[in-house]
Protein chains: 2
Amino acid sequence: MEDGERGQIAASTARERVLEVAARLFQEHGLARVTMRDVADALGMRQASLYHHAPGGKAQLYREVFERMIAHHRAGLEHAIAAAGPDLRARLRAVSSWYGTQQPLNFLRMMTSDMPSLGDDEAEALAAPAYAALMRPIRDAFAEAAAAGAIEARDPDLLAGSFLAVLDAVDFAESRAYGSADRVAMAHTMVDVLLDGLTVRA
Amino acid sequence: MEDGERGQIAASTARERVLEVAARLFQEHGLARVTMRDVADALGMRQASLYHHAPGGKAQLYREVFERMIAHHRAGLEHAIAAAGPDLRARLRAVSSWYGTQQPLNFLRMMTSDMPSLGDDEAEALAAPAYAALMRPIRDAFAEAAAAGAIEARDPDLLAGSFLAVLDAVDFAESRAYGSADRVAMAHTMVDVLLDGLTVRA
DNA sequence: GTCTATACACCGATAGAC
DNA sequence: GTCTATCGGTGTATAGAC
């Protein structure tokens with residue numbers, strides 16, 4: 001039994017390592033620019049050996065990586081929002097801070113470039129869980145604040161999508177050194193802009 | 001001479017058509033997902049025939065398309081801003097309206113996915129004109145409004161990048177039918193959010 | 001579980017006939 | 001200016017030895 005368990009644990013952690021390495025590469029460079037050889041190299045093995053751990057091929061590997069990633073983000077988002085209490089600013093700052101601890105998501109590239117590469121039907125099947133995990137928690141935070149009368153009533157899907165796009169822009173600004181601050185500071189700045197507006201008031 | 005001129009005109013317009021078709025495909029699907037065969041098919045010719053009009057190959061074709069596109073956007077942005085007068089809200093609304101008449105730019109995908117595919121040195125060489133054409137006019141509009149005391153002083157590069165990202169998000173929302181309105185209406189909504197904030201005031 | 005070797009498909013690009 | 005034919009390179013995936 002002990003050997004069996006060790007065997008399972010070893011297999012599990014080996015698979016875990018494959019998924020983590022693949023996730024990092026896919027998320028940083030995008031599906032099209034990461035080859036199976038790249039993943040295998042990062043794991044220190046030959047390209048063909050990778051198929052022992054990912055018998056379903058590249059598309060299936062991406063699907064598994066994608067599903068784990070959105071589950072991870074869903075949990076992180078929901079926890080950050082719940083722990084922040086009911087105030088929208090506190091919630092969005094918590095989301096921003098949590099994102100700052102994560103690898104850049106590149107949400108728009110993922111949705112408009114990676115997913116369509118899998119085919120239209122496949123992309124459609126992944127769009128729903130992606131929405132539920134990444135947009136829905138933020139959308140609900142906006143919708144609840146609007147229902148409570150704390151913010152103006154605006155399309156909450158538009159607000160959630162714009163917020164995720166701004167987080168992408170923050171990561172892009174940091175990578176290009178366009179922005180003057182770090183990711184979390186820039187994201188917090190944009191939270192204040194979205195809530196208070198840029199206009200100077202008397 | 002007449003024959004010669006006609007010949008030049010015909011060659012010029014034929015090349016024009018190649019660049020327009022390639023631009024549409026590259027901008028909609030991204031560099032990696034558009035093959036030379038796709039471009040040739042859309043032009044009604046064989047893949048090899050396309051090399052008569054694009055002897056430099058795919059990378060060179062993308063560069064030309066890219067340079068024309070950013071020149072087009074630079075002119076459009078600067079004209080829209082100049083025609084709108086000094087008020088920042090009018091300027092951003094004018095930019096939004098002008099964008100609504102254009103094919104979705106997919107700014108973030110272009111910068112994080114298409115350009116790195118050309119190689120790091122090439123991507124670096126294109127980043128500067130892309131910044132000057134796409135970000136600089138908007139950045140300057142924010143900076144001028146801040147200098148005039150009309151808006152809070154925030155990092156203008158962060159604001160410009162975020163605004164372009166929001167325009168991407170608007171196009172994404174429309175393509176996914178997440179948003180409830182059309183592109184221009186959603187963009188105008190987000191301009192008001194950025195300037196006035198979401199918070200309800202007494 | 002990793003390796004070498006290789007089949008297969010796709011894409012970019014060139015040569016040369018018409 | 002467009003075509004057919006073809007080469008070379010790259011990336012996915014499989015077969016089978018160890």
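Bear in mind that the values here come from a model prediction, so they are computed numbers and not experimental data. Below, each value reflects all heavy atoms present in this structure, side chains not excepted, and no hydrogens, waters or symmetry copies. So you know, we letter chains A, B, ... as the sequences are listed, proteins then strands, and number each from 1.
- For the atom pair CZ (A:Arg139) and CG (A:Asp157), the distance works out to 5.0 Å, reported to the nearest 0.5 Å.
- One atom, CZ of B:Arg46, and another, C1' of C:dG16, lie 17 Å apart when rounded to the nearest Å.
- Side-chain atoms of A:Thr13 never come within 3.5 Å of backbone atoms of A:Glu16 as a donor-acceptor pair (strictly under, hydrogens ignored).
- Between A:Ser49 and C:dG1 there is no side-chain polar atom (N or O) within less than 4.0 angstrom of OP1 or OP2.
- Rounded to a whole Å, the NE2 atom of B:His52 is 13 Å from the C1' atom of D:dC3.
- The distance between atom CE of B:Met45 and atom C1' of D:dT4, rounded to the nearest whole Å, is 16 Å.
- As rounded to whole Å, 12 Å separates atom C1' of C:dC3 from atom NE2 of A:His53.
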Can you give one letter per nucleotide of nucleotides 9-15 of chain D, going 5' to 3': B for a protein heavy atom under 4.0 Å from the base, S for sugar-phosphate only, - for none? --SBBB-

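- Salt bridge present: A:Arg74 and A:Glu78 bring a charged side-chain N and a carboxylate O closer than 4.0 Å.
- The closest donor-acceptor contact from the side chain of B:Arg109 to the backbone of B:Gln27 lies under 3.5 Å.
- Tested against A:Arg91, the residues A:Ile81, A:Val191, A:Ile138, A:Asp140 include a single side-chain contact (heavy atoms from CB on, under 4.5 Å) partner, A:Ile81.
- Within the model, atoms CG of B:Asn106 and CZ of B:Phe172 stand 10.5 Å from one another, a figure rounded to the nearest 0.5 Å.
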